[in-house]
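Report on the structure given below.
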Amino acid sequence: MSTSVSINDQIREILFENSMLLFGIQIEVNLIQFQKTRKEVEGDVTLVIFPFVKTLKCSPIEAGEKIGSFLKEKLPAIHSFNIVSGFLNFVISSDYWLTQLNRINQDAAYGLEKPNSKSTIMVEYSSPNTNKPLHLGHLRNNFLGFSVAEILKANGHKVVKTQIINDRGIHICKSMLAWEKFSPINAKGERETPANTGLKGDKLVGKYYVEFDKKINQEAQLIIADWEKGETSNYASTSISEFEKLTALKSGKDEKALKGIDDKIKELAKNETSLLKEAKEMLVKWEARDPQVYLLWTTMNNWVYDGFAVTYKNMGVDFDKLYYESDTFTLGKDIVIEGLQKGVFYKKEDGSVWIDLTSEGLDEKLLLRSDGTTVYMTQDIGTAVDRYKDFSDLSGIIYTVGNEQDYHFKVLFLILQKLGYSWANNCYHLSYGMVDLPSGKMKSREGTVVDADDLMQDIVIQASELTKERGHLEGMNSEEIQSLCRTIGMGGLKYYLLKVDPRKRMMFNPEESIELNGNTGPFIQYAFARINSLINRSGGLKSYNSVTLKPEEIEIVKILLDFPQVIKEAGRDYSPAVIANYIFELVKLFNQFYQAIPILIEENEDVKNMRLTLSQNVSKVIATSMNLLGVNVPERM
RNA sequence: GACUCCGUAGUUCAACGGAUAGAAUAGAAGUUUCCUAAACUUUUGAUACAGGUUCGAUUCCUGUCGGAGUCACCA
């Protein structure tokens, strides 16, 4: 039996091949289920007996005896076995674990599949709007997308990291318009720019987006006041009748329902504002490539890109290929028009184009506005098609986008299917949960949004303070110290955001995010640094003769052996959290071992060198895992 | 209102239908002439509620209650 096959696989194979002999029938492979042996039970590997009880028609104990003694006969690595309430626990010999340790030690790329040995997958992440600076939610998105891409690479896939830059649309026109109308003009006759204000480009543009929102609300208030006074002659009759209908609904409603109605009225009034009308006109001009609008658009977008570039660099994320909405929306529009001819879509009287998904239990969805301009959905169709054109070997696209857009992606994939794109089934929405603050939801209107740049800066400052408190910095120059604090701060932040199952909504507590104890990035980084120091002091790794492993050592070998499977699971579930939870378990076990068992002081050279090798392989797996999370590990800290 | 997702120690998170539901943190008590104490040890404490399926349910199904999201000619 080859040493590269795990004991579980060996057991599975023997049971499967000897099924007729043992059970009298050919069993299904999935009947053979292993699980972690509980701490208080003796043994290293546990087989669940219940599934066999029915076919064997005997008690779990009898079944366990039969299977256990059969396997012990066949596999010399099995030292002994015991049965506890339906679970068959095998005690595996020390030699087996030692052989496995040696095997791991010889594999520099342990746990990783051969690069580019599997299909090509595109991972989309980030894709922010270009009218607002990045915030905490984007940090989760970016760290998640980047990590999932790395995890897929570790699984042997070729990966194309990408994002769609939402550089056009009504929202962009809003900031453009607000800047044109409301920016103060300085002595030189210039409006505000990143250069003359010192503001980061994305922050400056974001400021005008907020300004637009403020101004449109003011205008809407005046309109509502008009309506309430009965001065309705200046407004569209449809809006007025809708307003009257909504007002009539108000009587007898509770506070919550009233607020809902008021919001609708506000939306109605916003549609009547001159500001929104101007923004819409600007969008039409933009789609017609009006030179003046285009110049303004290019200028402001470049400010944003410059600002974002700085943020991405700090985050430590990158992209292989960028898609711009401004490039893909026309393709989307063409496809929609084509689909209209094919009868997938239909046109309403006012010229707007829709798809009817009511037979699928969904709604009708707009694809082109009555003025012919495109919406989010239109460009997403174009982008997807464009991507498959650019990468003909693509086996799938993963969209890392928040779960507030679940419905959008359901509809998008369905439309692509209806348009006849066979690859539509390979599109996957990696839907992650929102990030909450201890104070509740982040709300831009209430100013509770945590800015990404600010947060990253704060966290590195906090890491510096804590690091200085600890000491351990002798002989390092200020540049090295700064780099270390960045590694610790950013590592803590990334680990904090990635350790939670991406699908779940999570709580971000700023204080906890840079904790050094417990399930944190620095806790893991510290273990790495300690091992590094240990190896350095030892004067190098040496080979060793056969030794007997202590239980603490066997526990570590066992968890190291789980690593390849952990990478597979993380890839299958697109979940960095699987990796994070794994490293944490590994580090806890290592710390227990390190605390309880002397290494450098050990007199038996074979034992000492085995322990050093074991430690070295723990640090190897820590480094690999942390890199999959996009986290660096420090040589010392 | 319709649809979707979520309810696990005080708090933040785990648990491919499997053993006595794990951690971390907070609280309490300890460990350093010894390889980095950013560490380790001990201890207190939870499956929202009611049914059902199953040898076995935190996990699957139904209902109740509670929370979130979506239902735009926004993205």
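Naming: A, B, ... by sequence-line order, numbering from 1 per chain. Computed from a predicted structure; not experimentally measured.
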Give me the distance, rounded to whole Å, that separates [N] from [M] when you measure between the [atom1] atoms they each carry.
{"N": "rG30(B)", "M": "rA21(B)", "atom1": "P", "value": "30 Å"}
{"N": "rU59(B)", "M": "rU8(B)", "atom1": "C1'", "value": "12 Å"}
{"N": "rC16(B)", "M": "rG22(B)", "atom1": "P", "value": "14 Å"}
{"N": "rU47(B)", "M": "rC40(B)", "atom1": "C1'", "value": "30 Å"}
{"N": "rU25(B)", "M": "rA57(B)", "atom1": "C1'", "value": "29 Å"}

Quiz prompt | G-U wobble or Watson-Crick pairing nucleotide for rU4(B) (cut-off 3.5 Å, both distances) | solution =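 Across any shown strand, rU4(B) pairs with rA68(B).
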Quiz item: Do Phe87(A) and the base of rA19(B) stack face to face, with centres under 5.5 Å apart and an angle between planes under 30°?
Solution: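 Aromatic stack with rA19(B) present for Phe87(A).
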Quiz item: Phe50(A) stacking on rG18(B): centroids under 5.5 Å, ring planes under 30°?
Solution: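 Taking the rule of under 5.5 Å and under 30°, the ring of Phe50(A) does stack on rG18(B).
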Exercise. Calculate the interatomic distance between Arg636(A) atom CZ and rU36(B) atom C1'; express it in whole Å.
Key: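 In whole Å, rU36(B) C1' lies 10 Å from Arg636(A) CZ.
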Practice problem: Say whether Asn89(A) and Thr37(A), considering side chains only, have a donor N or O and an acceptor N or O under 3.5 Å apart. | Solution: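 No pair is found: no donor N or O on one side chain lies under 3.5 Å from an acceptor on the other.
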Is any side-chain nitrogen or oxygen of [X] closer than 4.0 Å to OP1 or OP2 of [N]?
{"X": "Arg505(A)", "N": "rG7(B)", "answer": "no"}
{"X": "Arg611(A)", "N": "rC35(B)", "answer": "no"}
{"X": "Lys39(A)", "N": "rA23(B)", "answer": "yes"}

Quiz item: Quick check, are the ring centers of Trp286(A) and Phe329(A) under 6.0 angstrom apart?
Solution: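 Under 6.0 Å, so yes.
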Quiz prompt | Closest listed nucleotide, where the reference is the side chain of Val375(A) and the choices are rU20(B), rA37(B), rC74(B) | solution =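 Closest nucleotide to the Val375(A) side chain: rC74(B).
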Quiz item: Given rU25(B), rA19(B), rA75(B), which nucleotide is nearest the side-chain atoms of Gln35(A)?
Solution: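 The listed nucleotide nearest to Gln35(A)'s side chain is rA19(B).
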